[in-house]
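Here's the structure, in structure tokens; my notes come after.
The model shown is predicted, which means the values in this text are computed figures rather than measured ones. Each chain gets a letter, A, B and so on, in the order its sequence line appears, and its residues count up from 1.
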Amino acid sequence: MVVSGEERPAKPSRFYAVYVTGGTEARVALMMKQRTEALGLDVRSIIVPPELRGVVVVEVGDPGDLYDLIRGLRDVKRRRPVLIKKEEAVKLAAPVVEIPTVEKGQIVEIISGPFRGMRGRVVEVYEQRGEVDLVLLESDFRMIVTVPLEQVRPAEERH
Amino acid sequence: MPRGRQPSKRPKLKACRRCGALVDSKVNVCPICGSTEFTDNWEGMIIILDSSRSELARELQIEKPGLYAIRVAGRVVKRAAQ
């Protein structure tokens, strides 16, 4: 009996670490996506971990499809993929919580953008927008600027 | 080898601040959550191809297939590492 790809019973996922040339992880992952869609492979997700250089983690239902996925793919190393635990894969893919570390009244330094190098006191934090309102300390008059959170870092107050 | 043939190593994508979805730099509205706030400051990538059968998607509570950043600068995320 022929079972189409859609009707195949769902096999449990397996996670494999595939070794690739360092620096090409994202590009290889996108090529894997294209190949999966073109060949109809049972590849369920692909992870490019920010901490691991030269590794792409692939979640597959059928391990045989992994071979079809990486065969002849540019920048994939010949080293045999390694089976890893689901918990390890999830840990690699789980985002680190980046809660803004600044709060109202805090003195911060602007590290990039047009106000780079200036310091300011935080008057409002917009967590959803990822921005803060600052009163610039170096200004002769009360000047409030809105800057992205990623452009500021806490600074020690000068006495 | 001809010059200028080497493709860019990191794709030109930007991340949605709200849901972390990665989209082309020309896109103005996030196709996943509808947000219009994006950042170029992101790291790591998750590609969900089959959200119904992916155990990773289930663990991270990702419902729609697509590209997602693992870390997005300044974003308060709901799905945290256990």
*Same apolar cluster: B/F38 and B/L22, side chain cutoff 4.5 Å*: no
Query raised in the report: Is there side-chain contact between B/I47 and A/V48, with heavy atoms separated by less than 4.5 Å?
Result: no
*asked:* Is there a side-chain contact between B/E55 and A/V90 in this structure, where contact means two heavy atoms from C-beta onward sitting under 4.5 Å apart?
replied: no
Q.
Using the rule given for side chain to side chain contact (heavy atoms under 4.5 Å, CB included), can you reason through A/I47 versus B/M45, listing the C-alpha separation, both sets of side-chain angles and the distance that settles it, and then say yes or no?
A. CA-CA 6 Å; A/I47 307 166; B/M45 184 194 291; over 6 Å; no
Minimal heavy-atom distance between B/I48 and A/S45, with the atoms involved, is CD1-CB, 3.9 Å
- prompt: Does atom CD of B/E63 have more than 12 heavy-atom neighbours from other groups under 6.0 Å away?
  reply: no
Counting only heavy atoms from other residues, nucleotides and ligands, does the tally under 6.0 Å from CZ of A/R116 exceed 12? no
May I ask you to test the A/R44-B/L56 pair for a side-chain heavy-atom distance under 4.5 Å?
no
Should A/F15 and A/Y67 be counted in the same cluster of Ile, Leu, Val, Met, Phe, Trp and Tyr side chains packed under 4.5 Å apart? no
Here the pair of heavy atoms bringing A/A94 nearest to B/I70 is O-CG2, 4.1 Å
Same cluster (ILVMFWY, side-chain, under 4.5 Å), A/I111 and A/V135: no
Okay, A/E87 and chain B: the region with an atom under 4.5 Å from a heavy atom over there is neither
Determine, using the 4.5 Å side-chain heavy-atom cutoff (strictly less than), whether A/V55 and A/V82 are members of one ILVMFWY cluster. yes
So, the part of A/L52 with a heavy atom under 4.5 Å from chain B: the answer is neither
Per-residue tally against chain B (heavy atom, under 4.5 Å) across A/P12, A/G61, A/S13 peaks at A/S13
**Short N-O contact, A/E59 and B/R53, less than 4.0 angstrom** = no
Honestly, the part of A/A89 sitting under 4.5 Å from a heavy atom of chain B is backbone
Check against salt bridge (Lys or Arg N to Asp or Glu O under 4.0 Å), B/R17 and A/E131 | CA-CA 11 Å; B/R17 278 188 193 277; A/E131 292 176 339; over 6 Å; no
Report task. Decide yes or no for A/I46 and B/I46: does some side-chain heavy atom of the first lie under 4.5 Å from some side-chain heavy atom of the second? Result -> no
Subject >> Cluster link B/V27 to B/V72, ILVMFWY, side chain under 4.5 Å >> reply: no
*Can B/D50 and A/V43 be said to form a side chain to side chain contact (heavy atoms under 4.5 Å, CB included), step by step?*
CA-CA 7 Å; B/D50 186 344; A/V43 177; over 6 Å; no
The interface call for B/T39 against chain A, heavy-atom contacts under 4.5 Å, is side chain
Open item on the list: Surrounding NZ of B/K14 (heavy atoms of other residues, nucleotides or ligands, distance under 6.0 Å), is the total greater than 12?
Closed with: yes
Other residues, nucleotides and ligands only: do more than 12 of their heavy atoms fall within 6.0 Å of CZ on A/R142?
no
